[in-house]
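Scroll down for the structure; my scribbles are underneath it.
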There are 2 protein chains.
Amino acid sequence: MGVNLKDIAQRAGVSLATVSNVVNGYRPVGERTRQRVQQAIDELGYSPNLGARHLRRGRTGLIALAVPELTNPYFAELAEIAISEAAALGYTLVMENTAAQREAELALLDGSRQRVIDGLILSPVRVGRKEVLARTAGSPLVLIGEGVYDVPHDHIAIDNVAASHAAIRHLVAIGRRRIAFIGATPGGDRQSAHLRVRGYREALAAAGLPYRPRLVARTDAFGRLDGMRAMRDLLALGDPPDAVFGYNDLIAIGALRALAEAGHRVPEDVAVVGIDDIEEGRFTAPTLTTIAPDKREIGRLAVRRLVARIEGAEVEGPLTVQTPFRLLRRESTGTPDA
Amino acid sequence: MGVNLKDIAQRAGVSLATVSNVVNGYRPVGERTRQRVQQAIDELGYSPNLGARHLRRGRTGLIALAVPELTNPYFAELAEIAISEAAALGYTLVMENTAAQREAELALLDGSRQRVIDGLILSPVRVGRKEVLARTAGSPLVLIGEGVYDVPHDHIAIDNVAASHAAIRHLVAIGRRRIAFIGATPGGDRQSAHLRVRGYREALAAAGLPYRPRLVARTDAFGRLDGMRAMRDLLALGDPPDAVFGYNDLIAIGALRALAEAGHRVPEDVAVVGIDDIEEGRFTAPTLTTIAPDKREIGRLAVRRLVARIEGAEVEGPLTVQTPFRLLRRESTGTPDA
DNA sequence: CATCACCTGTATAACGTTATAGAGCCGCGC
DNA sequence: GCGCGGCTCTATAACGTTATACAGGTGATG
């Protein structure tokens with residue numbers, strides 16, 4: 001069904017290898033021959049069979065981006081960026097959905113998929129340092145987000161502790177004293193939540209506010225529903241919070257919903273802050289104050305690093321890169337930016 | 001870096017071909033030999049090199065799902081379903097983002113990507129019947145959503161006219177008389193919008209209500225921002241609507257935001273209905289009434305049809321399948337379901 | 001006992017590409 | 001005039017798999 005190198009070679013009256021050299025620029029080819037070959041390529045409409053090329057080269061041209069949930073807009077937005085960056089570098093990005101399941105993450109780290117992709121970008125949730133170190137697959141791995149540190153792989157993330165600080169400082173600055181956190185996790189396996197809780201505690205301490213364990217709500221997952229339920233529980237406390245910091249925007253949006261249902265005003269009664277800056281947060285009522293990571297930077301950097309490793313390039317700088325973030329003030333804390 | 005058939009063949013003391021037959025079950029193999037080979041496979045940890053297999057078979061095992069925007073939750077939710085269905089059938093699904101651009105859609109229909117994927121599921125926005133018919137690439141194509149009809153390809157969609165009917169009937173039933181539509185498109189290239197407008201007009205007529213062109217708002221795209229802007233314009237009319245039907249949930253959510261900003265109560269002053277049943281609509285304030293397509297059915301059917309065509313199976317039934325939908329009443333029309 | 005069919009297993013030619021070794025040719029220097 | 005290096009180009013062997021044709025052995029049939 002396809003035009004192949006042989007067809008071009010016949011048409012142009014040269015050898016197979018010469019056509020290959022014209023296509024890949026691997027060896028110098030005389031100007032006249034090059035033109036004749038190029039003309040044949042244009043006339044017959046040749047495009048290389050990637051399967052064969054990759055068999056020969058030992059690479060597939062595929063990289064995978066594995067996220068815990070496709071339907072979390074943060075990851076969808078990140079994926080959109082990563083896909084276009086990968087395309088620009090000549091790679092095809094395959095989305096993998098781990099559904100936040102340990103087995104799925106392990107299978108990606110070491111499973112048979114490894115034979116078909118050249119490299120993996122993983123947002124780990126259920127695996128930790130140990131599992132990453134135990135990995136035997138040889139293809140490059142880039143970690144994004146949090147959860148795993150001190151491993152010999154590139155790692156792109158924001159400084160979660162600092163991000164928490166910024167959120168809490170803002171809430172303190174607008175006069176809040178009873179600040180809750182939603183999205184702590186039971187196990188020690190999701191370190192990002194721990195980091196965000198740590199930043200929360202440190203910032204409270206810095207502001208001279210007491211740490212009240214009852215104001216830290218645990219959730220099983222990190223969706224809107226989890227945020228809503230946790231917020232309901234917090235409101236049922238004898239002395240409910242006057243501000244809430246959510247593990248992410250989805251949790252914060254769930255909290256907004258619970259507050260609306262219970263008839264509390266935001267931000268007058270309770271202020272709300274999230275993390276991720278998903279587009280949805282610009283349209284909620286009220287709009288959501290959030291910590292905005294530089295998604296473009298994260299997506300592009302992750303893909304570029306991975307491709308550089310795949311192609312054996314020397315990568316300068318440290319393995320771990322912390323990307324910038326900023327606080328976006330919106331209605332849910334009462335002091336919108338301009 | 002990998003164990004290959006030859007290694008297994010040596011270890012088991014049989015020929016290459018026999019190992020291949022054990023792996024693929026293509027030819028009968030004696031029980032004793034099979035066990036010896038299987039043992040060698042287990043011991044050495046063999047898994048086939050998919051690149052080579054696909055080169056030989058002429059297929060890559062990749063199918064693409066091309067959508068106009070990854071960040072539209074409807075497509076993210078659909079993708080999640082399609083990915084797992086594809087995996088169950090032994091295929092890898094690659095997401096492609098056309099960004100609602102004509103060039104991107106054309107490139108997918110006929111471009112060089114066609115050499116690397118076995119089949120394509122496309123949600124067309126900017127190409128029409130003509131472009132699909134002009135396609136020369138030989139791989140199977142399944143269309144989802146609307147926009148293109150009367151082409152020799154499988155097509156999975158809901159009945160848009162009927163969906164509009166259901167939405168408008170509901171609004172009429174709760175006593176609305178000035179019902180607006182947001183999301184008509186200027187060109188004739190996005191037929192789904194036309195179909196939904198048609199259903200809107202027909203249902204108005206059936207209810208004995210006049211069709212007011214000024215209540216049909218055009219938008220460039222179909223995001224929250226478009227819905228918000230259009231709603232603002234509608235509110236600026238001398239005689240604003242008492243209900244709004246959005247082209248999709250995102251548009252309806254944008255409308256909700258504009259209404260909140262302008263201080264209108266929903267549903268008391270203006271009722272709002274969308275289409276898609278994205279999760280976000282269950283958490284807005286108020287929650288969003290919507291027409292819910294059966295996303296699971298759409299995603300699974302699209303993948304199954306495509307794979308069946310790729311594998312040359314006979315597919316029974318007509319090319320075009322209309323999947324079911326239902327109306328979910330929530331707060332934005334004042335009459336939540338149980 | 002010869003013929004035939006059948007059943008297992010084997011040898012080998014593809015699939016389309018790239019990398020390696022080398023062939024031909026030309027001009028330059030000794 | 002011969003050898004040598006440099007420049008193009010060619011022939012060909014892989015890459016790992018599957019499909020085809022065939023070989024060898026066994027049992028049944030005439």
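Side chains are part of it too, since the values below use all heavy atoms of this structure and drop only hydrogens, waters and symmetry mates. Proteins get letters first, then strands, A, B, ... in listed order; numbering begins at 1 in each.
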message: Testing the 3.5 Å rule here: is there a donor-acceptor pair between the side chains of A/Q39 and A/E43?
response: yes
- request: May I ask you to evaluate whether A/N4 reaches the phosphate of C/dC15, defined as a side-chain N or O under 4.0 Å from OP1 or OP2?
  value: no
- prompt: Atom CG of A/L55 to atom C1' of D/dA13: distance rounded to whole Å?
  reply: 13 Å
message: How many whole angstroms separate atom CZ of A/R34 from atom C1' of D/dC9?
response: 13 Å
task: Examine C/dT17: is either OP1 or OP2 under 4.0 Å from a nitrogen or oxygen in the side chain of A/S20? Give yes or no.
output: no
- prompt: Base, sugar-phosphate, or nothing: which does B/L16 touch, judged by heavy atoms less than 4.0 Å apart?
  reply: base
- prompt: A/E85 and salt bridge (charged side-chain N to carboxylate O under 4.0 Å, His left out): which partner among A/R305, A/K295, A/R300?
  reply: A/R300
query: Salt bridge or not for B/E131 and B/R102, using N-O below 4.0 Å?
result: yes
- prompt: Can you find an N or O donor on one side and an acceptor on the other, under 3.5 Å apart, linking the side chain of A/R56 with the base of D/dA14?
  reply: yes
field: Value in whole Å for how far the P atom of C/dC15 lies from CG of A/D7
entry: 11 Å
field: Rounded distance (Å) that lies between atom C1' of D/dT17 and atom CZ of B/R59
entry: 14 Å
query: Expressed in angstrom and rounded to an integer, what is the separation of A/K6 atom NZ from D/dT12 atom P?
result: 14 Å
- prompt: When you measure from the side chain of B/N49, which nucleotide among D/dC9, D/dT12, D/dT17 comes out closest?
  reply: D/dT17
- request: Using whole Å, report how far CG of A/L5 lies from C1' of D/dT10.
  value: 14 Å
message: Please tell me if A/T18 has a side-chain N or O lying less than 4.0 Å from either OP1 or OP2 of D/dC9.
response: no
- prompt: Whole-Å distance between C/dT8 P and B/R32 CZ?
  reply: 14 Å
- prompt: Counting only heavy atoms not in B/R296, do more than 12 sit closer than 6.0 Å to its CZ atom?
  reply: no
- request: Look at A/S15 and D/dC9 and indicate whether a side-chain polar atom (N or O) is within less than 4.0 Å of OP1 or OP2.
  value: no
- prompt: Are B/D118 and B/T60 close enough, and set up right, to give a side-chain hydrogen bond (donor to acceptor under 3.5 Å, both in side chains), and what steps lead you there?
  reply: CA-CA 6 Å; B/D118 292 340; B/T60 63; 3.2 Å; yes
message: Is B/N21 close enough to C/dT8 that one of its side-chain N or O atoms is under 4.0 Å from OP1 or OP2 there?
response: no
query: Atom OH of B/Y46 and atom P of D/dG16: how far apart are they, to the nearest Å?
result: 10 Å
message: Does C/dT18 have its OP1 or OP2 closer than 4.0 Å to a side-chain nitrogen or oxygen of A/R57?
response: yes
- request: Find which nucleotide of DNA chain C each of B/A52 and B/T33 is nearest to by heavy atoms, and output the residue with the more 5' nucleotide.
  value: B/T33
